[in-house]
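These notes are about the structure you will find just below.
Predicted model only: the values in this text are computed from it and were never measured. In the text below, chain A, chain B and the rest are named by the order of the sequence lines, each starting its count at 1.
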Number of protein chains: 2
Amino acid sequence: MDNSYSQVVAQPKIRWLINKTSEDWINLAISNPKEILLDHAHCERKAAGVALQLMFRYVSEPGLSEVLSPLAREELEHFERVLSILNARGHKLQKLASPPYGSILAKNICKDEPRRMLDSFLVAGLIEARSHERMRLLSVHSPDVELRNLYADLLKSEARHFGIYWKLADERFDRNTITTRLEALARVESDALLEMHPEARMHS
Amino acid sequence: MDNSYSQVVAQPKIRWLINKTSEDWINLAISNPKEILLDHAHCERKAAGVALQLMFRYVSEPGLSEVLSPLAREELEHFERVLSILNARGHKLQKLASPPYGSILAKNICKDEPRRMLDSFLVAGLIEARSHERMRLLSVHSPDVELRNLYADLLKSEARHFGIYWKLADERFDRNTITTRLEALARVESDALLEMHPEARMHS
């Protein structure tokens, strides 16, 4: 594994998330563990897809595949872990309507390079940061010990993941550009969750 | 890891490849180790992409993600291994024009389900089988000991990969349908290589 992936990523104190997750979401999530597990499986699969998509889009970008390929592998490992719990509980992997969260963020990614690259890193980092915050909540509040342990284990890597997206941005863009853009996208991210999606999802 | 991935895949004696690779290809490949390494990196990345694409397309198909997710991770591991050799040699990962091989095979995949699924498995298996054959040749004929060792290591997994695609097909389609379709697609695959692509590629 490339050192740049496994080393601790030093990042300044960045406030990725403007609003904290509400208690209403925690209650919705712990009352619907099957839906949350299913949606979580899809989130891990999609996160691997995003990393691979960036590797395809920026194939010649030095130092990018070296960190995104191990990240994609780790997301797939998490996907397999959630899938095995679903299987053990007799739940089948099936399509689930997505909440508007992902598409709202995607729509706010600038279409022109190099801003598109910066926005893509920041949006991926924001999603990882929110997943991390919510997994931490589930690792504390879920009444199901197997699920508490699952989330506690996975959130360690999730924290590393948004650090990686930060580092990818920080190595390529100046700090002012990044923080200005992150503030704007973080606002979009938090606003997308203000009106809670009625179905139980990781990003309701 | 799911048992169905790591267990030895028993498959009948299937002739995936109708024509053997020519000596001309071996000579072209060992005279252009940098291009072959670069193209090989792209092949591993694309193979991971194909596995992930099938996981997205057939998300509710029982037993599919359980084997394709570890397969995608293994392809990414191989990609990283080739990438680290490229980096150590001072070669940068860069775009490389693809030979017509992949697009000829893709064009021959039936558009309608469930044949599209069968064809997708068989085409992926054929590409793995050809990669396996050629890596074996490079593991013997390359004058570069580091590359001989690389190919010798990787081809063990490549053999398992086409076994996995065979098993995915065999669990879902009747044997006659599979062998008839495999014969047709294997003919397309071998014909696509009859006129050797002038640039050094894994599938020239």
Side-chain angles (χ1 to χ4, degrees), chain A residues 1-6 37-98 102 157, chain B residues 1-6 37-98 102 157:
Chain A
M1 191 183 288
D2 189 88
N3 278 340
S4 50
Y5 181 70
S6 48
L37 263 181
L38 257 177
D39 190 52
H40 183 184
H42 292 305
C43 287
E44 298 285 1
R45 197 171 50 81
K46 285 182 202 169
V50 166
L52 218 65
Q53 191 184 42
L54 292 172
M55 284 168 58
F56 274 75
R57 192 193 299 156
Y58 304 116
V59 67
S60 316
E61 179 67 25
L64 184 132
S65 292
E66 284 83 348
V67 292
L68 288 185
S69 179
L71 187 147
R73 284 197 289 112
E74 197 162 55
E75 305 281 14
L76 288 173
E77 242 169 43
H78 294 182
F79 166 73
E80 289 161 42
R81 180 147 176 213
V82 179
L83 183 58
S84 73
I85 294 179
L86 282 167
N87 284 339
R89 296 182 174 206
H91 307 323
K92 284 184 179 166
L93 192 64
Q94 55 188 265
K95 272 190 188 162
L96 215 54
S98 299
S157 339
Chain B
M1 190 184 289
D2 190 86
N3 279 339
S4 50
Y5 181 71
S6 49
L37 263 182
L38 256 178
D39 189 52
H40 183 184
H42 291 305
C43 287
E44 299 285 2
R45 197 171 50 81
K46 285 183 202 169
V50 165
L52 218 64
Q53 191 183 44
L54 292 172
M55 283 169 59
F56 275 74
R57 190 192 301 156
Y58 304 116
V59 66
S60 316
E61 180 67 25
L64 185 132
S65 292
E66 284 83 348
V67 292
L68 287 184
S69 179
L71 186 147
R73 283 196 291 112
E74 197 162 55
E75 306 282 14
L76 289 172
E77 242 169 42
H78 294 184
F79 166 73
E80 289 162 41
R81 178 147 176 211
V82 179
L83 184 57
S84 74
I85 295 179
L86 282 167
N87 284 340
R89 295 182 175 206
H91 306 324
K92 284 185 180 166
L93 193 64
Q94 55 189 264
K95 273 191 187 160
L96 215 54
S98 300
S157 339

**Study point:** Contact origin within A/Leu93 toward chain B - heavy atom pairs under 4.5 Å
**Key:** both
Practice item. Would you mind listing every ring-ring contact (aromatic ring centres under 6.0 Å, His included) that reaches into residues 52-87 of chain A, with sequence neighbours excluded? Key: none
Point to revise | Atom group of A/Ser69 that falls short of 4.5 Å from chain B, counting heavy atoms | key: both
Point to revise | Contacting region of A/Gln53 [heavy-atom separation from chain B under 4.5 Å] | key: neither
Check your understanding: Is any side-chain heavy atom of B/His42 closer than 4.5 Å to a side-chain heavy atom of A/Val59?
Key -> yes
Exercise for review: Locate the shortest heavy-atom distance separating A/Leu83 from B/Ser65; write the atom from each residue and the value.
Suggested key: CD2-CB, 3.9 Å
**Study point:** Side chain, backbone, both or neither of B/Glu77 within contact of chain A (heavy atoms, under 4.5 Å)
**Key:** both
Exercise for review: Sort A/Leu76 into side chain, backbone, both or neither according to what part of it lies under 4.5 angstrom from a heavy atom of chain B.
Suggested key: both
Review point. To the nearest 0.5 Å, how far apart are CD in A/Gln94 and CD in B/Glu61?
Key: 13.5 Å
Check your understanding: Distance from B/Glu80 atom CD to A/Leu68 atom CG, nearest 0.5 Å?
Key -> 10.0 Å
Study note, to complete from the structure: Value for CG (A/Leu86) from CD (B/Glu66), rounded to nearest 0.5 Å, stands at 9.5 Å
Revision key, fill the gap. Assert top hit (heavy-atom pairs under 4.5 Å, partner chain A, pool B/Arg45, B/Lys92, B/Lys95) equals B/Arg45
